[in-house]
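This report refers to the structure that appears directly beneath it.
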Amino acid sequence: QAQLVESGGGLVQAGGSPRLSCATSGRTFSSYARGWFRQAPGKEREFVAAIRWSGGITYYAESVRGRFTISRDNAKNTAYLQMNSLKPEDTAVYYCAVNAGLSAYNSGDYYRERAYDYWGQGTQVTVSS
């Protein structure tokens, strides 16, 4: 079974710069795009960033643009989310998701949860002020 495993979360001070990783395990699958979403307590899950595996086109939510950077390592089949200048409002569970070709992924789909086929269990990021 295909699995995504997030790591790199934890307790961070405001202004900190942790990096989240999203690795694959289990059955090998193609990655057409990888996305990061987050869910804060009492709120719905929201889009954070995404990257197309071929070409490396990136997309960001306005709330993180300029502070977060999504990247990928093709050889390791791993995606990263570099988070800089963290704020307390960035506190959330961060989820990695992959489009493995099972769902449509058109130019306007990068922020839609339905565009992703597999999801990780999430990693908690808590930003203290």
Side-chain angles (χ1 to χ4, degrees):
Q1 184 176 353
Q3 286 187 327
L4 294 175
V5 180
E6 302 101 335
S7 60
L11 179 61
V12 185
Q13 287 191 335
S17 300
R19 188 180 75 161
L20 304 183
S21 299
C22 173
T24 61
S25 66
R27 181 173 62 86
T28 301
F29 54 88
S30 300
S31 288
Y32 292 93
R34 204 74 65 93
W36 286 98
F37 291 74
R38 68 185 181 186
Q39 186 168 21
K43 295 186 177 180
E44 293 186 351
R45 188 157 58 185
E46 64 176 4
F47 167 76
V48 176
I51 186 168
R52 288 185 178 266
W53 219 247
S54 177
I57 297 173
T58 57
Y59 309 92
Y60 294 96
E62 284 302 315
S63 59
V64 305
R65 188 183 302 276
R67 298 189 298 124
F68 292 9
T69 301
I70 189 171
S71 61
R72 80 227 190 275
D73 184 323
N74 289 341
K76 296 181 179 179
N77 202 8
T78 298
Y80 303 96
L81 185 68
Q82 177 66 49
M83 302 187 292
N84 298 326
S85 303
L86 278 181
K87 306 173 183 180
E89 51 264 43
D90 293 317
T91 294
V93 177
Y94 284 73
Y95 297 90
C96 177
V98 63
N99 177 284
L102 302 179
S103 302
Y105 200 90
N106 299 313
S107 60
D109 290 333
Y110 60 89
Y111 65 94
R112 303 180 193 275
E113 293 190 25
R114 69 187 186 200
Y116 297 88
D117 303 310
Y118 302 112
W119 292 76
Q121 293 299 308
T123 184
Q124 176 72 46
V125 175
T126 302
V127 184
S128 62
S129 57

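- Ser17 is linked by a side-chain contact (heavy atoms from CB on, under 4.5 Å) to Gln82, Asn84, counting only residues two or more places apart in sequence or in another chain.
- Interatomic distance, Cys96 SG to Gln3 CD, rounded to the nearest 0.5 Å: 12.5 Å.
- Residues satisfying the side-chain contact (heavy atoms from CB on, under 4.5 Å) test with Val64, not counting sequence neighbours, are Arg38, Val48, Tyr60, Ala61, Arg67, Phe68.
- In this structure, Asp73 contributes its side chain and Thr78 its backbone to no donor-acceptor pair below 3.5 Å.
- Residues that satisfy the side-chain contact (heavy atoms from CB on, under 4.5 Å) test with Val12, not counting sequence neighbours, are Pro18, Leu86.
- With hydrogens and angles ignored, the 3.5 Å screen pairs a side-chain donor or acceptor of Arg34 with a backbone N or O of Cys22.
- The closest side-chain heavy-atom distance from Leu11 to Gln124 is not below 4.5 Å.
- Listed by chain and number, the residues in a side-chain contact (heavy atoms from CB on, under 4.5 Å) with Thr123 are Glu6, Leu20, Tyr94 (sequence neighbours excluded).
- Contact check for Thr69 versus Leu81: no side-chain heavy atoms found under the 4.5 Å cut-off.
- The heavy-atom pair separating Ser103 from Ala115 by the smallest distance is CB-O, 3.9 Å.
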query = Hey, mind stepping through Val125 and Met83 against side chain to side chain contact (heavy atoms under 4.5 Å, CB included) and telling me if it holds?
reply = CA-CA 10 Å; Val125 175; Met83 302 187 292; 4.0 Å; yes

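- Cluster partners of Ile57, using a side-chain heavy-atom cutoff of under 4.5 Å among ILVMFWY residues and allowing indirect links, are Phe37, Phe47, Tyr59, Val93, Tyr95, Tyr105, Tyr110, Tyr111, Tyr116, Trp119.
- The line from OG of Ser31 to CG of Asn74 is 9.0 Å long, rounded to the nearest 0.5 Å.
- The two atoms that bring Thr91 and Ala40 nearest to each other are O-CB, 3.6 Å, heavy atoms only.
- Without hydrogens or angle criteria, Thr58 side chain to Ile51 main chain gives no donor-acceptor distance under 3.5 Å.
- Sorted by first and then second residue, the salt bridge (Lys or Arg N to Asp or Glu O under 4.0 Å) pairs involving residues 106-129 (not counting sequence neighbours) are Arg45-Glu113, Asp109-Arg112.
- Neither Leu102 nor Trp53 shares a network with the other; the hydrophobic side chains, linked directly or stepwise wherever heavy atoms of I, L, V, M, F, W or Y lie under 4.5 Å apart, form separate groups for each.
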